[in-house]
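The block underneath contains the structure these notes are about, expressed in structure tokens.
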Amino acid sequence: MSSVADRHGRPLRNLRISVTDRCNLRCAYCMPEEHYAWLPRSDILSFEEIAALVDAFTDAGVDRVRLTGGEPLLRHDLPLLIRMLAARPALRDLALTSNGILLAEHAAALRAAGLHRLTVSLDTLRPERFQALTRRDGLAQVLAGIRAADAAGFRPLKIDTVAMRGVNDDELTDLIEFARPFGAEVRFIEYMDVGGATHWSADRVYARAAMLADLGRRYGAIEPLREESSAPADRYRLADGTVFGIISSTTQPFCRACDRARLTADGMWYLCLYARLGTDLRQLLRAGATRAELAAAIGRVWGARTDRGAEARLAARDRAPLMPAAELKKDPHLEMHTRGG
Ligand code: SAM
């Protein structure tokens, strides 16, 4: 089915589904607080409910789904959901983003269930730095998870790194070199001032231009790849053919090409990572809306979309964290770990 376009002519194609708001890490740029308000368990969508919403979304144009969280591998029996979604011909792409902690035990089952692609988040290769950044001791587990994913046949694997000034800005080349033997592609993400990033500050942002200048000094000429794509990463090639990406949501946002939306584990649907308000699809679903009614509601909401959240943030003066922790506690839907990255 063809996709509905929003007010800027952007189609709805990508859906990121957070399957749980729980996480087994406490990354400084995402979950820096001591205590969190969690979604009530009775509100969490069952796999059947998620699949029903995916059917409605595919009727409205979505053909790519990424499962995320929180940490998606904390959701029990996740391969069951993957099997259900992989059986839907309307989905051309089914991917998952994980922090890798539990990946070694799950990689083969994810592959067998029909998952197409896998991204692992990894910000550092240094154990003490990993501990400081995530407040957990887990680097060895993540590295074992990456090896297991490679062995299970997830190729090319993607490795997402939030690159931050004064935290891991000296590790870009180490990460590129680490990924090379796996044929994995590293994507450096600029630190974003989203909900959850309550300790964000502009001087911690390692901007794309600076990353490219630093990498150029080490590797020589870096060739930008010219691609027609709505993917968030701009991709680059080193002289030896190694490809890496940069997601510059903070300094060079790409709202004009944004075709993605986000569904939380309890069925709230957000059009933008920066959006304050969403649409409660759980309520519609549990009130008995049919697939056609859900698809029509999704089409109506998307058709009225006008936001360009990251660009609006770029234009903001005295840019600071999006929201204080107290506001996030009042509505956990505003958190990055609830909305899914
Ligand atoms: N737990 C999974 C993981 O770690 O990949 C999935 C959820 S996590 C919220 C998804 C992605 O969002 C991760 O790659 C994470 O690094 C990124 N992320 C979270 N907060 C961010 C921020 N403030 N700026 C940039 N990226 C962020």
Side-chain angles (χ1 to χ4, degrees), residues 16-33 36 65-75 78 95-103 106 110 117-124 130 133-136 138-139 141-142 145-146 149 157-165 167-169 175 184-202 204-208 211 232-233 245-254 260 262-265 270 273-274 309-310 313 319-323 325 328 332-341:
R16 303 193 170 213
I17 305 175
S18 170
V19 293
T20 176
D21 59 332
R22 312 292 159 126
C23 196
N24 43 9
L25 296 181
R26 289 290 178 273
C27 298
Y29 49 78
C30 187
M31 300 185 73
E33 307 301 325
Y36 284 91
V65 162
R66 177 174 292 275
L67 302 178
T68 176
E71 172 47 37
L73 298 184
L74 287 177
R75 179 84 190 238
L78 189 69
L96 179 129
T97 300
S98 166
N99 62 28
I101 293 281
L102 298 172
L103 196 52
H106 292 295
L110 296 173
R117 295 190 304 122
L118 190 59
T119 300
V120 180
S121 299
L122 175 64
D123 302 320
T124 177
F130 185 97
L133 192 58
T134 66
R135 287 187 282 155
R136 300 288 185 272
L139 179 61
Q141 282 167 271
V142 177
I146 289 175
L157 197 65
K158 289 213 174 96
I159 295 180
D160 276 5
T161 301
V162 180
M164 297 169 68
R165 282 282 184 213
V167 176
N168 60 351
D169 50 356
L175 285 155
E185 192 171 315
V186 186
R187 304 182 320 161
F188 299 110
I189 308 173
E190 289 181 352
Y191 185 14
M192 294 173 69
D193 54 345
V194 284
T198 49
H199 294 202
W200 185 91
S201 66
R204 283 281 150 120
V205 176
Y206 188 12
R208 163 164 62 177
M211 289 191 222
I246 299 182
I247 301 179
S248 50
S249 328
T250 303
T251 66
Q252 297 183 50
F254 36 85
R260 59 192 68 82
R262 294 175 160 81
L263 187 67
T264 63
Y270 291 91
L273 262 187
Y274 289 100
R313 293 297 295 164
R319 201 165 170 181
L322 188 65
M323 268 166 250
L328 295 168
H333 293 100
L334 300 171
E335 296 272 9
M336 180 75 157
H337 67 268
T338 307
R339 220 162 257 209

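Both ligands and their constituent atoms are indexed starting at 1 by order of listing.
- Scored by the salt bridge (Lys or Arg N to Asp or Glu O under 4.0 Å) test, R117 finds D93 as partners (sequence neighbours excluded).
- Sorted by chain and number, the residues within 4.0 Å of ligand 1 by heavy atom are Y29, C30, T68, G69, G70, E71, T97, S98, N99, S121, V162, I189, E190, Y191, M192, V194, A197, M336, G341.
- Under the 3.5 Å distance criterion, with hydrogens and angles disregarded, a donor-acceptor pair is assigned to the side chains of R66 and T97.
- Contact of the W200 side chain with the L322 side chain is not registered, since no non-hydrogen atoms from C-beta on lie closer than 4.5 Å.
- Residues L78 and P72 have side chains in contact (heavy-atom distance under 4.5 Å, counting atoms from C-beta outward).
- The cationic atom of R339 (NZ for Lys, CZ for Arg) lies less than 6.0 Å from the six-membered ring centre of Y270 and within 45° of the ring axis.
- L139 pairs in a side chain to side chain contact (heavy atoms under 4.5 Å, CB included) with only one of the listed residues (D123, L122, T134), which is L122.
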